[in-house]
Each structure stands twice: as C-alpha cells, then as structure tokens.
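See structure below.
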Amino acid sequence: MIKEKIRKDIFNVAKQLDIHCNDQFMVEVPNLKTHGDFSSNVAMVNSRLNKLKPMELAEKLADGLKKKKDYRKVEVAKPGFINFFLANSFYHKMLVNIVNAGDTYGSSDYGKKRKVLLEFVSANPTGPLNVVSARAAAYGDTLFRVMTFVGFHAFREFYINDAGNQVDILAESVELRYRELHGERVGEFPPEAYHGEYVRDLAVRLNAQEGSKLFHISEKDRLEKMKLFALEEIHKMQLESLKRFDVTFENWMSEKKLRQEGILEEALSYLAEAKCTYESDDAVWFSSSKFGDEKDRVLIKSDGNPTYFVPDIAYHLTKFQRGFDIIIDVLGPDHHGYVPRLKAAIQALGHDVNKLEIVYLQHINLFEQGQQVKMSKRAGKIITMDELISEVGKDAARYFFIDRKPSSHLNFDLELAKKKSNENPVYYCQYAHARIASILKKAKNDKITLKKFDIKNLKKLDKPDELSIIKHLIDFPGVLILLADNREPHRLASYTYELAGMLHKYYAVHQISDPDNLELSQSRLFLITAIQNVLAISLHLMGISAPKKM
RNA sequence: GCGCCAGUAGCUCAGUCGGAUAGAGCAACGGAUUUCUAAUCCGUGGGUCAGGGGUUCGAAUCCCUUCUGGCGUGCCA
C-alpha cells in the first residue's frame, strides 16, 4: 500500500520539522499524470493549525520529503497540493515482491481473524434456484473468498425455510400431481400452489419409488412423506446448482431443526423476560415499536401458530450466540421493510445490533435481443440458475453478477454474456491471462529463461506504460481490503478488467519476448509474469477460471 | 401518505469515501495483423453529473428541497 507508505513518510517529516499534522489529510491518485503518481492535501488541511499559508507549509514538507530516495521528485502545486513522483527503483522493488509472493500476493491479516457470518441465497426449498439466487451466490461467495484472503475468519451459511406454510403448500402441490398420475381429475390447479414442471417430476419420481402405496396411509402421513421427499430432492437440486457455480457453504441451517431444538421458545421467552411481548386480539405481539419499528408485530397468530418472524428471530439469536463479530445478511430488495423489526428483536434480546449488516441485492432484468425476458412465477415460467449456467457458462455468469454494485439493478444481457469476443469482458480478462501464458511458452521455446533473475535488469522497465502497470499491480492488496470493508465485489471485476486492458495495450505496442534483445525481454517477461499472477488470483477470487489457452 | 434504493455520454455502468480539466465499455465512424493468439490495439465525435438551494479554499460525492423510476409498507414467507 503506497498510500500508507507516503502517509507515514509525511508524518515522519512533519515530526522532524516540528510541524503539527493531524490525520485528516488524504493521499490519493490524481487524475492527471502531470500531478504526480500520488498527491496529498496535507498542507491545505493543516495550514490553519500551523498558522502558515498552504503553499508555505507545502514547501516545507516537500523539502523534507525530497530527501527520501523512493521519490524521484516531490513538488508543490497551486493551492497547496504536494505531488509525489516515485522512483523507478521503488517500482522495481515492489515488482519483485509481487512475483516472490506468488499466489499469496494480496493476502493479508487485515481482518485480524474477526469472525464473519455471511448468509446468502437462503432460497425457499420449494423449487429450483432462480437468477436472483445466482446473483446472491456470486456476490456472497466472492465476498467470502476475498474476506478470507485478507484475514477474516469467514463462514458461509444457507438458511433453509423447511418448515411452515410454504412447504405445506409444496407438499400439497406434489400430492395433486401424484393424484393426477393415478388418473384422478384434480381440476384447476390452485393459484397459490407451485406450478413448475419440477413438481410433476417430483411426483413421477416419488411414484416410481412408492407406486400407489401412499394411498393406503392416512392423508396426514402421506403429505408428511411427500413433504420430506420433496424437500430432500429440491435440496439436492439446489446443492447441485450451486456446485456447478463453484459455491459451497460451510453450514446449512434448517428452520425445522431450530423448531425441534426449541430455539423458537427460547427466543420467545427471552422477549417475554425483557417485557417486550403482550397479548391482544388472541395473538401474541412483540412491542418492536419501542425499538424504532413503525409498529408492533405479531409473533403468535390467533390460530396458535408462530408467524415467520419468530423462526427468523430465533435464527438470528443463534447467530449472536455463536459469537460472530460481523453478521452479514444478503437479502433481496423486497425484504427491506422487514429489517427494522428484525433489528428491534435483536435489541430486545440484548445483543449489539451494530454487528448485523444488511446488504440488499437489487433485482435482475434479463435481456435477449434487446427485449426484456418476462418471467412469471405463477405460470412457472422462470429462468432457473441451471438454465442460465448452461446458457452462458459459469464464468460469464459469475462475472456479470459481480460486475455491478449490489445496490444497482442488474441488466443481464444474455447475448453479450455468450459472445466470445472483445465485447465480452469475461473473455477479455481471461484472454489476457491466456495470452501471457502463450508469450511465456514462446519465450521458453526461444530459450529465454527467468531463472536467477537479477533485479538490476529491471532498470530496463522505464516506459510510462510499464510503470503504470506496476503501479496498478501494487494497488491490488488495497483494492481487496477496500472491497472487503465495503462488501463490494464489483471492485474486483473493474480492477481485473483494467489490468487485462493494460496487458493488451502493452502487448500491442511492445515486443515482449525477443531473442535478439535478451535483457530487455527478461525484464518484460518478469513484468508479465507478475501481471499473470495477479490476474490468476483475481479470477480465482471471483470463481472464474484462468485458462492458459483459449 | 410513509420508508428504502436509485437517477452521471444515445445505451450499460465506474468514479479509490470532499480534491486539480468527470472516466470506461457498447453503439457510430475511420484506421492497424510478413508479428509473442485480431477473443487484440489506435483514433474521432459525444455531458446542465435529474432540477433548485445550502455547507467551504473546493461538491457527481455531504445537508435540505422538488421531480422521476423501482421496491416495500399483512395475524403471507
């Protein structure tokens, strides 16, 4: 992290010169190259404190900083900026570090082993995963990979709503299809039932296993059997889809299990102890409005059953009991009205609500030939995650889902994702990686080797584009930390795309491997080795393959 | 009505947390391969950062307000 280094240098010089310096100032990359590799507003921020004009203060600091050998030039500009130009030797030193670090480059102990729970996807076990789940899967998994890489102790968790109303309806839907198989006329399929073709498949498979036997047991037992069968099968389907997407979970939390273990009662009794519940209209209420929710919420319905809210409270209670430092829920946009009451419950239970973070992923619109693909859940006409993966491939799908920041609506262009051309950013990134592999192979054939590489040779790397590539490579660890802190995987997609672009441009202008120019070639091969290393790491963190050949 | 998210080039979006002349890609047009992969590169045009006000040395970024779009606002999950 160069910015940190420069900050430290500034602080040191200020101390030596007896200049007051608070930490409010910034070090950043200016828009214009003529303004240096980095610049700082330190003199402007601290001018009042030192009773000096910004320009005067800047001059003083700059004089001290000029003495450091990592800077080629330190200059002062108009309102009071200090501009830093780094020495080539500094870049070369960093480049060697990058290659030496290998696939650990960018990793750090930044997260200080803080325990992080990432809950995402958590789709109802009532059907195949859809594209929204796919976005959540790509988002959550990439965030997990990066947070782990920068030193957090992260866990992925999938919460299965395998109890309650929805799964009863699922069982009834299977029942109807099962009856149909046995020649019964079930008439119009109820609108609230699950219409998807997979329900029929489930019935067929159940029938293959059990035949008409199920008619000889009570309806209650039969429905229970169907429920278990359907849940098991759908869970396997979802697991399989996620596996195709290279996403796994450390833990699957079952709502049914929470109920069986009495966590719901536990949560309810804590709320009662905290005097946050009361009875009214034959129902039990939670006084969530005490904690900022807009109104109180029902916990136990007048029919004696808990609302879906209760298991959610119980589930979150376990998250806190398990001792996580950071708890991240990745939710769809339709849940944001729900969060205030959840946070109210956490406060009522006496836990630190600040540990809970909610990330809302916005909706996805699929486009095909410029037309939005209309999806209707009722008619069972949805595009599943599996169909999407088959259609565009895992790599493209994961990239496209990560490419936008979570709060943006995502327009997914199916045509573009399938294209194998420069228009498709996924291939653009992968091709850069493959291209390097190809150059390295060629160099090997030409007997240009990198073994026992002498750092002095890197002096040949002095072109502006070479230095800005190295600069970009040096940024990598900082990008990962920024990404982890802000929970914004899209930064990695942009970063990778930019790096790939730099390689392609570099390739177009310079002969990298040239047997007639051994020393220069070795320097350049060293550079592209570093690029390839970083490309491979970023692609891996995004769950995208890094091919050697395309 | 209230709440949340968004509004940046014709389109899709970035913008490193308040910095200097707001950036890419696509689309349009014009160029570049006797070459380490043209799945690539170079060039050209394109902007009232939705509107207005405020905060300060300085605002796409922070505050207020108006407008537009999406979602939410169940004893459904």
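Here is how names work: the chains are called A, B, and so on, in the same order as the sequence lines, proteins then strands, and each is numbered from 1. The structure displayed is predicted, hence computed values, not measured ones.
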For [N], the Watson-Crick or wobble counterpart (both distances under 3.5 Å):
N	result
B:C13	B:G23
B:A6	B:U68
B:U55	none
B:G74	none
B:A60	none
B:A28	B:U44

Check your understanding: Can you check whether A:F81 stacks with the B:A20 base, using ring centres under 5.5 Å and planes within 30°?
Key -> yes
Point to revise | Nearest listed nucleotide, side chain of A:Y428, among B:C41, B:C5, B:C75 | key: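 Closest nucleotide to the A:Y428 side chain: B:C41.
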Whole-angstrom distance between [N] and [M], as gauged at atom [atom1]:
N	M	atom1	result
B:G58	B:C17	C1'	16 Å
B:C11	B:G3	C1'	31 Å
B:C49	B:C13	C1'	13 Å
B:C63	B:G10	P	28 Å
B:G25	B:G19	P	24 Å
B:U12	B:G53	P	28 Å
B:A60	B:G23	C1'	12 Å
B:C42	B:A24	C1'	16 Å

Please report, rounded to the nearest Å, how far the [atom2] atom of [N] is from the [atom1] atom of [X].
X	N	atom1	atom2	value
A:L299	B:A77	CG	P	12 Å
A:Y338	B:A77	OH	C1'	9 Å
A:L482	B:C17	CG	P	7 Å
A:F309	B:C75	CZ	C1'	13 Å
A:M550	B:A39	CE	P	10 Å
A:N41	B:G18	CG	P	11 Å
A:D485	B:U16	CG	C1'	13 Å
A:F25	B:G58	CZ	C1'	19 Å

Check your understanding: Looking at A:F25, is A:R7 sitting on its ring face, NZ or CZ under 6.0 Å from the six-membered ring centre and within 45 degrees of the normal?
Key ->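 Yes, A:R7 lies over the aromatic ring of A:F25.
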Point to revise | Distance under 6.0 Å and angle within 45° of ring axis: A:R341 vs A:F286 | key: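 No, A:R341 does not sit over the ring of A:F286.
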Under 4.0 Å between any heavy atoms, over every strand shown, what does [X] touch: base, sugar-phosphate, or nothing? Just pick one.
X	result
A:H510	base
A:H504	sugar-phosphate
A:D293	nothing
A:E498	nothing
A:E28	base
A:A432	nothing
A:M26	sugar-phosphate
A:D281	base

If you compare every side-chain N and O of [X] against the phosphate oxygens of [N] (OP1, OP2), does one of them come in below 4.0 Å?
X	N	result
A:K301	B:C76	yes
A:R297	B:G74	no
A:Y507	B:A38	yes
A:Y497	B:C26	no
A:K295	B:G74	yes

Distance alone, cut at 3.5 Å: any donor-acceptor contact between the side chains of [X] and [Y]?
X	Y	answer
A:D162	A:S254	yes
A:Y308	A:N165	no
A:Y315	A:E157	yes

Check your understanding: Taking the side chain as C-beta and beyond, is there a heavy-atom pair between A:V359 and A:L331 under 4.5 Å?
Key -> no
Point to revise | Close side-chain approach of A:F84 to A:S39, heavy-atom, < 4.5 Å | key: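 In short, these two side chains do not touch, never coming nearer than 4.5 Å.
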Per-pair distances, 0.1 Å, donor-acceptor, side chain in residues 469-485 of chain A, under 3.5 Å, sequence neighbours excluded:
| residue | atom | partner | partner atom | Å |
| --- | --- | --- | --- | --- |
| A:K471 | NZ | A:D37 | O | 3.0 |
| A:D485 | OD1 | A:Y110 | OH | 3.4 |
| A:D485 | OD2 | A:Y110 | OH | 2.4 |

Check your understanding: Do any N or O atoms from the side chain of A:Q362 and from the backbone of A:K405 form a donor-acceptor pair under 3.5 angstrom?
Key ->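 Judged by distance alone, no pair lies under 3.5 Å.
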Per the atom types in the model, does the base of [N] pair as donor or acceptor with the side chain of [X] at under 3.5 Å?
X	N	answer
A:D514	B:C36	no
A:Y427	B:A39	no
A:S302	B:C75	yes

**Study point:** Annotated protein contacts, base or backbone, on nucleotides 7-15 of chain B with a non-hydrogen cut-off under 4.0 Å, one of B, S, - each
**Key:** -----SSSS
Practice item. Report the residue (A:S39 or A:G164) whose heavy-atom-nearest nucleotide on RNA chain B is the more 5′ of the two. Key: A:S39
Exercise for review: Would you mind telling me which residue lines up with the more 5' stretch of RNA chain B, A:K3 or A:K505, judged by nearest nucleotide?
Suggested key: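 Counting from the 5' end, the first nearest nucleotide belongs to A:K3.
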Check your understanding: What's the spacing between A:D403 CG and A:F412 CZ if we round to 0.5 Å?
Key ->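 If we round to the nearest 0.5 Å, A:D403:CG and A:F412:CZ are 10.0 Å apart.
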Exercise for review: Can you measure from CD1 (A:I234) to CD1 (A:I160) and round to the nearest 0.5 angstrom?
Suggested key: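 So the gap between those two atoms works out to 11.5 Å.
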